[in-house]
Amino acid sequence: SLRKENPQQAIGYYLRVLRELPHREDVHREMMKLYAAQGQTDKLQAQYQSLETELKRAFNITPGKATRDLYASFTTTTAATASTTGKRRS
């Protein structure tokens, strides 16, 4: 898949989709997965926050359970990694 073969190109495609349809949670989730796979936790967090903001603005709702669970799994993993390596999350 493009996600595995060329993650930067996949991110570019996803960004184009989000410019037209910023409320697409599935696309935000795919981007979060890509950022996580690349170790870009700052971008992963920014992506989730962008989704939260867009859904609140457009529909006055929060991200769905699948998205919240995915985000929690990444932030839990990041916190556990930081504590075992002695690094603090910023």
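Heavy-atom basis, side chains included; hydrogens, waters and symmetry copies ignored.
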Original post:
In Å, rounded to the nearest 0.5 Å, how long is the span from NE2 of H23 to CZ of R57?
Top reply: 10.0 Å
Original post:
Has the side chain of S50 got a donor or acceptor atom that lies under 3.5 Å from a matching backbone atom of A46?
Top reply: no
Original post:
Looking just at side-chain N and O atoms, do H28 and Q47 make a donor-acceptor pair shorter than 3.5 Å?
Top reply: yes
Original post:
Looking at R29 and T67, what are the two nearest heavy atoms and their distance?
Top reply: NH1-OG1, 2.8 Å
Original post:
Any side-chain heavy-atom pair from L21 and R24 closer than 4.5 angstrom?
Top reply: yes
Original post:
Looking at F74 and K33, what are the two nearest heavy atoms and their distance?
Top reply: CZ-CA, 4.0 Å
Subject >> A10 to L34 - nearest heavy-atom pair and separation >> reply: CB-CD1, 3.9 Å
Original post:
Do the side chains of R68 and Y48 get nearer than 4.5 Å, heavy atoms only?
Top reply: yes
Subject >> L44 vs Q38 side-chain heavy atoms within contact, under 4.5 Å >> reply: no
Subject >> Separation of I61 CD1 from E52 CD (nearest 0.5 Å) >> reply: 11.5 Å
Original post:
How many angstroms lie between CD in Q40 and CE in M31, if you round to the nearest 0.5 Å?
Top reply: 9.5 Å
Original post:
Does some side-chain heavy atom of T62 sit less than 4.5 Å from a side-chain heavy atom of K56?
Top reply: no
Subject >> Hydrophobic cluster identity match, V27 and L70, side-chain contacts under 4.5 Å >> reply: yes
**OP:** Please tell me if the side chains of E54 and L18 come closer than 4.5 Å, counting only heavy atoms from C-beta onward.
**Re:** no
Subject >> Within one Ile-Leu-Val-Met-Phe-Trp-Tyr cluster: L51 and Y35, side-chain cutoff 4.5 Å >> reply: no
